[in-house]
Amino acid sequence: MESDRVDGGDQGENVNVEVHVKSHSTAPRSEVRLHVLALLNRHSMFFGNYTWTEFDNDFLRKHVETVAIVDVEETPIDLRRCSVSIHMFTLNDEGSSTLVLEDNEELSAANHWLLPAAEFHGIWESLVYESRVKTQLLDYVSTTIYFSDKNVDSNLITWNRVVLLHGPPGTGKTSLCKALAQKLSIRMSSRYSYGQFVEINSHSLFSKWFSESGKLVTKMFQKIQQLIDDKDTLVFVLIDEVESLTAARNASQAGTEPSDAIRVVNAVLTQLDQIKRYSNVVILTTSNVTEKIDLAFVDRADIKQYIGPPCEKGIYNIYLSCLEELMKCQIIYPRLQLFTLHELETMGFTESKVSQHSLTLRNIALKSKGLSGRALRKLPFLAHAMFVKARTATLERFLEAMDQAVEKQKEEKSNLTDSV
């Protein structure tokens, strides 16, 4: 990891700065770094994350999309007293390709992206969790690579490079896996030339070619092995709905599952045990029903992280980001300020218009508890479609529409529950 000084900063807190370089730029990265450092020297004091999208420097305007101070946990920060790590990247906009298992094109059970991918850009920032989930996952992968670099004897201290995210549907588990891979491909850009992301649709693989599933799992991992053999790449493998491939073998042995299910689980476990020897691979898995997963697989997961519905603060922050986007696009007009929940509570609910709008949003967030992250992100769209009745709206009118949309969502959810 490359670190830089901002006006002679000491060895204090490390601050990460991500520099999105334009795809057409031919400028040497060393020159881009110097201009970014000059920018940071001119603006050294920050209160949280910050992103530059416009520049007063011709070089940066020509070669750089954004410069972002990211993942700041403690504020304020003075860059002159910090160690600054600059991570430069260009997005790959080719989209996904299909990983084919055999010459027959039908035998495709995975999608493949080169990272950092334009398709995954911004997902990390859009995901809001109440604890340090995202930071802990970043630290976990960094430690797996660090231990490998230091040649730690894995027979004495074991780690399997497997993460299991579990929880109810709609909480962003799959999105978090994609965002984590994207973030790490940027964070590790000085170490690996690029990242690769393979998404295995385990349910499709298992159901479509049931009698051959055990062999196909092995073939799938052989394909992944070919990617891992390139030491200049960091490979992430996502097994979504992992319970489809790792169903508990005790159910199979009891006769409630066909014997092919046992072969699939055994094949997955064997491949995981082989793949953990390589330092440039991470296995990310998700599950909605952990009780159906074989215990031997669960035991192999280094991290078993529960991802639940957002809390009040998370809901408020999700809505806040949605409203700021709609104001930027002038769907909500004119553009007005909203407080963060921390600012609102610190100010003690003053009588200002900003405070009143923010307080209204807080009440909507409280009313929204129990809705999934997926439903929350959809709600501003539904508010506009069903209740605004105009192309643009004031913030006050849009907040009224959001309140109505929440009522509608809860009513629909209640009706669905009653009909089951």
Side-chain angles (χ1 to χ4, degrees), residues 1 89 92 94-103 107-117 119-120 137-138 140-155 157-165 174 177-202 205 213-240 242 245-246 264-286 297 300-303:
M1 182 178 292
F89 67 97
N92 186 299
E94 293 180 6
S96 66
S97 59
T98 301
L99 209 62
V100 179
L101 296 188
E102 295 184 343
D103 294 335
L107 291 177
S108 57
N111 291 319
H112 174 238
W113 287 265
L114 291 178
L115 300 176
E119 195 173 328
F120 296 171
L137 290 171
L138 279 176
Y140 160 75
V141 178
S142 298
T143 301
T144 66
I145 294 171
Y146 179 66
F147 271 43
S148 296
D149 286 348
K150 289 294 185 180
N151 295 314
V152 173
D153 189 340
S154 58
N155 292 316
I157 299 176
T158 61
W159 65 99
N160 293 310
R161 307 181 189 281
V162 178
V163 174
L164 172 62
L165 303 182
T174 302
C177 290
K178 292 177 178 178
L180 178 65
Q182 177 91 338
K183 174 66 73 169
L184 284 160
S185 70
I186 294 169
R187 192 62 58 85
M188 300 285 178
S189 59
S190 62
R191 167 70 184 274
Y192 297 101
S193 300
Y194 59 102
Q196 301 195 65
F197 186 84
V198 179
E199 181 180 21
I200 299 173
N201 186 332
S202 56
L205 178 68
S213 291
K215 294 177 184 176
L216 289 173
V217 166
T218 301
K219 286 182 180 179
M220 172 65 72
F221 277 90
Q222 286 171 349
K223 283 283 185 182
I224 292 167
Q225 180 65 60
Q226 292 172 13
L227 303 180
I228 297 169
D229 286 341
D230 180 356
K231 299 306 177 188
D232 287 332
T233 187
L234 182 58
V235 180
F236 297 90
V237 181
L238 169 60
I239 308 177
D240 226 351
V242 72
L245 283 186
T246 56
V264 170
V265 180
N266 289 338
V268 170
L269 297 177
T270 299
Q271 296 302 320
L272 289 179
D273 288 340
Q274 291 180 2
I275 217 168
K276 72 179 183 182
R277 295 179 288 125
Y278 298 90
S279 62
N280 60 328
V281 61
V282 179
I283 308 294
L284 306 170
T285 67
T286 72
F297 174 83
R300 280 165 172 79
D302 299 324
I303 290 182

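Residue indices begin at 1 and follow the sequence shown. Treat the numbers as computed from the prediction; the structure is a model and nothing was measured.
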Colleague: For a 4.5 angstrom cut-off between non-hydrogen side-chain atoms, does Leu99 reach Asn111?
Modeller: no
Colleague: What heavy-atom pair brings Leu234 and Leu184 nearest, and what distance separates the two atoms?
Modeller: CD2-O, 4.3 Å
Colleague: Could you tell me the separation between the CG atom of Leu216 and the CD atom of Gln222, rounded to the nearest 0.5 Å?
Modeller: 10.5 Å
Colleague: Quick one, Trp159 with Thr143, criterion side-chain contact (heavy atoms from CB on, under 4.5 Å). Give me CA distance, side-chain angles, the key distance, then yes/no.
Modeller: CA-CA 10 Å; Trp159 65 99; Thr143 301; over 6 Å; no
Colleague: Under the 3.5 angstrom rule, does the side chain of Gln182 hit a backbone N or O of Ala117 as a donor-acceptor pair?
Modeller: yes
Colleague: How far apart are the closest heavy atoms of Ile200 and Ala110, and which atoms are they?
Modeller: CA-CB, 4.2 Å
Colleague: Residues in side chain to side chain donor-acceptor pair (under 3.5 Å) with Thr174, at least two apart?
Modeller: Asp240
Colleague: Give me the atom names and distance for the closest heavy-atom approach of Ser142 to Met188.
Modeller: OG-CE, 3.6 Å
Colleague: Nearest 0.5 Å please: distance from the CG atom of Asp153 over to the CZ atom of Phe147.
Modeller: 12.0 Å
Colleague: Output the distance between atom OG1 (Thr144) and atom CG (Asp149), rounded to the nearest 0.5 Å.
Modeller: 9.5 Å
Colleague: In Å, rounded to the nearest 0.5 Å, how long is the span from CD1 of Ile186 to CG of Leu115?
Modeller: 9.0 Å
Colleague: Got Thr158 and Lys276 here, is their nearest side-chain heavy-atom distance under 4.5 Å?
Modeller: no
Colleague: Mind running side-chain contact (heavy atoms from CB on, under 4.5 Å) on Lys178 and Glu199 for me, showing each step along the way?
Modeller: CA-CA 9 Å; Lys178 292 177 178 178; Glu199 181 180 21; 3.9 Å; yes
Colleague: Quick check: closest heavy atoms across Tyr192 and Ser279, and the distance to 0.1 Å?
Modeller: OH-O, 4.0 Å
Colleague: Tell me the salt bridge (charged side-chain N to carboxylate O under 4.0 Å, His left out) pairs involving residues 224-237, sequence neighbours left out?
Modeller: none
Colleague: Could you tell me how the ring of Trp113 sits relative to the ring of Phe120: parallel (under 30°), tilted (30 to 60°) or perpendicular (over 60°)?
Modeller: tilted
Colleague: For Val268, which of Leu272, Val265, Asn266 qualifies under side chain to side chain contact (heavy atoms under 4.5 Å, CB included)?
Modeller: Leu272
Colleague: Determine, step by step, whether Asp302 and Val163 satisfy the side-chain contact (heavy atoms from CB on, under 4.5 Å) criterion, reporting the C-alpha distance in whole Å, the side-chain angles of both residues, the deciding distance to 0.1 Å, and the verdict.
Modeller: CA-CA 6 Å; Asp302 299 324; Val163 174; 6.0 Å; no
Colleague: Please check this pair: side chain of Asn280 against backbone of Ile228, looking for a donor-acceptor N/O pair closer than 3.5 Å.
Modeller: yes
Colleague: Quick one: pull up CZ in Phe297 and CG in Asn160 and give me the separation to the nearest 0.5 Å.
Modeller: 10.0 Å
Colleague: How long is the straight-line distance from CD of Gln196 back to CG of Asn92, given to the nearest 0.5 Å?
Modeller: 10.5 Å
Colleague: Is there a donor in the side chain of Arg161 and an acceptor in the side chain of Ser148, or the other way round, less than 3.5 Å apart?
Modeller: yes
Colleague: Given 3.5 Å as the limit, does a donor-acceptor pair link the side chain of Ser96 with the main chain of His112, or not?
Modeller: no
Colleague: Quick check: closest heavy atoms across Cys177 and Phe197, and the distance to 0.1 Å?
Modeller: O-CE1, 3.9 Å
Colleague: Which heavy atom in Val162 sits nearest to a heavy atom in Arg300, and how many Å separate them?
Modeller: CB-O, 3.7 Å
Colleague: For a side-chain contact (heavy atoms from CB on, under 4.5 Å) check, start with the C-alpha distance between Tyr194 and Thr233, then their side-chain angles and the critical distance, and finish with the verdict.
Modeller: CA-CA 5 Å; Tyr194 59 102; Thr233 187; 3.5 Å; yes
